[in-house]
Amino acid sequence: MPELPEVESVRRGVDEWTSGTTITGAEVADPRILGTTSQRRIDPSAVSGFVSAVTGAHILRAERRGKFMWLCLGEGADLSTADPVASPVPRPELGILVHLGMSGQLRIHSPGEEIHRHTRAILHLSDDGGQPRELRFVDQRIFGHIGVQPLVHGYGRLVPASAMHIAADPLEPAFDPERVMGDLAKKRTAIKVALLDQTLVSGIGNIYADEALFRAGVHPLAVPGRTRKSRLVAVLESATKVMSDALAVGGTSFDALYVNVNGESGYFDRALLVYGRGGQECVRCGTEIVKITVGGRGTHYCPVCQKPPRYR
DNA sequence: ATTACACCCTGCCTGC
DNA sequence: TGCAGGCAGGGTGTAA
């Protein structure tokens with residue numbers, strides 16, 4: 001469910017509540033959360049391996065690229081006050097990767113608070129005042145995952161190993177619009193599918209892909225390789241803009257499945273122009289919004305504002 | 001190499 | 001009311 005704006009909203013809350021804390025212990029209620037959806041047979045030692053790997057670690061900060069977020073781990077020393085000359089600040093080498101998948105949530109709790117039934121893992125934290133706190137990973141569908149990984153170089157940054165192939169997202173400094181434009185222009189698949197390709201540009205999911213295409217006036221089945229560069233630029237700019245706007249209001253929530261670390265919803269659902277509006281009138285021209293399937297995903301567009309490609 | 005598709009889950013909604 | 005089937009905001013492995 002969560003796309004870039006939702007994951008970033010969660011990251012900000014996680015960073016606020018966990019950076020500077022120490023992990024005093026961990027629980028894994030469902031080992032499947034340690035694997036990906038295509039690797040569901042989890043070695044029994046994975047749980048104890050995860051727990052021992054994170055216990056005692058110091059959380060430096062929470063970072064994000066696209067829909068992937070991770071906690072950078074240190075060894076417990078306060079790196080921020082280390083003398084940079086006497087002892088250069090070491091870069092973190094390990095991180096706890098968290099991907100929310102379709103239904104994942106990270107929630108901050110006090111110990112003893114009621115445990116939601118879809119809670120799959122818990123990190124027990126202690127802040128610098130010794131106050132206990134819990135970071136709980138709740139995931140109804142278990143499409144999300146969590147795991148300790150080495151940080152490696154990928155597209156200009158240190159990222160968890162499993163995110164090495166994930167391209168930069170439009171809201172980070174490493175984003176290279178020229179490169180993305182060049183690669184996008186070579187694609188022969190539907191532009192909607194290309195926008196969802198996280199190795200091309202990351203962070204865009206099904207909602208914001210539809211919204212970006214509508215705002216740019218481009219049909220979801222247009223082929224990038226046969227579309228004017230100016231149109232492709234407009235789509236990328238629309239995607240960036242719509243995700244920034246969504247982030248500013250806490251993201252998009254349709255239901256209780258997306259909430260921030262405090263359980264609060266986002267408000268961008270009120271600003272969606274086409275997503276989920278199949279059969280309703282286009283806000284711009286009044287034509288009925290059409291819903292089709294593209295790349296296996298529900299796709300919404302206005303047949304008048306987004307003219308179908310003339311080629312076929 | 002690029003593209004297409006099945007699949008991993010649970011829960012909810014629709015229609016018969 | 002019950003139940004089968006379809007659908008859901010994501011990513012990956014495999015095969016063509």
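None of the values given here were measured: they were computed from a predicted structure. Lettering follows sequence order; numbering is per chain, from 1.
Minimum atom distance to the side chain of A:Arg141 is reached by B:dT10, of the listed B:dT10, C:dG9, C:dT12. Of the candidates B:dC8, C:dG9, B:dG11, the closest approach to any side-chain atom of A:Asn206 belongs to C:dG9. You'll find that the side chain of A:Ile207 is closest to C:dG9, out of C:dG9, C:dT12, C:dG10. For A:Thr189, the side-chain atoms get nearest to B:dA4 when compared with the rest of C:dG10, B:dA4, B:dC9. Of the candidates C:dG11, C:dA8, B:dC8, the closest approach to any side-chain atom of A:Phe143 belongs to B:dC8. Taking every side-chain heavy atom of A:His118 into account, B:dG11 is the closest of B:dG11, C:dG10, C:dA8. Closest to the side chain of A:Ser38, out of B:dG11, C:dG9, C:dG13, is C:dG13. Residue A:Arg32 has its side chain nearest to B:dC9 when only B:dG11, B:dC9, C:dG13 are considered. When distances are taken from the side chain of A:Arg188 to each of B:dT3, B:dG11, C:dT12, the shortest belongs to B:dT3.
A:Gly295 comes within 4.0 angstrom of no nucleic acid atom, judged by non-hydrogen atoms across all strands. Using a 4.0 Å heavy-atom distance criterion, A:Thr37 is classed as a base contact.
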| request: Start with the C-alpha distance between A:Asp169 and A:Arg64, add both sets of side-chain angles, then the distance that settles salt bridge (Lys or Arg N to Asp or Glu O under 4.0 Å), and finish with yes or no. | output: CA-CA 9 Å; A:Asp169 68 62; A:Arg64 180 193 58 77; 3.1 Å; yes

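A:Arg297 has its CZ atom 18 Å from the P atom of C:dG6, to the nearest Å. If you take CE of A:Met243 and P of C:dG9, they are 16 Å apart, rounded to a whole angstrom. Taking atom CD1 of residue A:Ile204 and atom P of nucleotide C:dG9, one finds them 15 Å apart after rounding to whole Å. Rounded to whole Å, the distance from OH on A:Tyr275 to P on C:dC7 is 12 Å. Per the geometry, CD1 belonging to A:Ile33 stands 12 Å off P belonging to B:dC9, to the nearest Å. C:dG11 atom C1' lies 12 Å from atom CG of A:Leu97, rounded to whole Å. Rounding to whole angstrom units, CD1 of residue A:Ile142 and P of C:dT12 are separated by 18 Å. If you take CG of A:Asp139 and P of C:dA8, they are 18 Å apart, rounded to a whole angstrom.
With P as the reference atom, C:dT14 and B:dC9 are 16 Å apart, rounded to whole Å. Rounded to whole Å, the separation between the P atoms of B:dC5 and C:dC7 comes to 15 Å. Distance noted for atom C1' between C:dG11 and B:dC12: 23 Å (whole Å). A gap of 13 Å separates the P atoms of C:dG6 and B:dA6, to the nearest Å.
The phosphate of C:dG10 (OP1 or OP2) has no side-chain N or O of A:His145 nearer than 4.0 angstrom. OP1 and OP2 of C:dG9 both lie 4.0 Å or more from every side-chain N or O belonging to A:Thr252. Close to B:dT2, at under 4.0 Å from its OP1 or OP2, lies no side-chain N or O of A:Lys187. In this structure, A:Arg117 reaches the B:dG11 phosphate: one of its side-chain N or O atoms is under 4.0 Å from OP1 or OP2. Residue A:Tyr208 places none of its side-chain N or O atoms closer than 4.0 Å to OP1 or OP2 of C:dG9. The side chain of A:His99 contributes an N or O atom lying less than 4.0 Å from OP1 or OP2 of C:dG11.
Taken from OG1 in A:Thr189 to CG in A:Leu195, the straight-line distance is 10.5 Å, to the nearest 0.5 Å.
For DNA chain B, if you chain together Watson-Crick or G-U pairs that step i with j, i+1 with j-1 and so on, the runs of at least three with distances under 3.5 Å are B:2-8 with C:10-16, B:10-16 with C:2-8.
Within the 4.5 Å cutoff, side-chain heavy atoms of A:Val148 are placed close to those of A:Phe50. For the pair A:Leu34/A:Ile146, a side-chain contact is recorded, criterion being any heavy-atom separation below 4.5 Å from C-beta on.
Each of A:Ile166 and A:Gln140 was assigned the nucleotide of DNA chain C with the nearest heavy atom; the assignment lying further toward the 5' end belongs to A:Gln140.
Side-chain polar atoms of A:Asp139 and A:Ser103 form a donor-acceptor pair below 3.5 angstrom. Between the side chains of A:Glu264 and A:Asn260, a donor-acceptor pair is found at a separation under 3.5 Å. A:His124 and A:Glu27 share a side-chain donor-acceptor pair at under 3.5 Å.
For A:Glu172 and A:Arg157, the salt-bridge test passes: some basic side-chain N is under 4.0 Å from an acidic carboxylate O. Checked for salt-bridge contact, A:Lys241 and A:Glu237 miss the test: no charged N lies under 4.0 Å from a carboxylate O.
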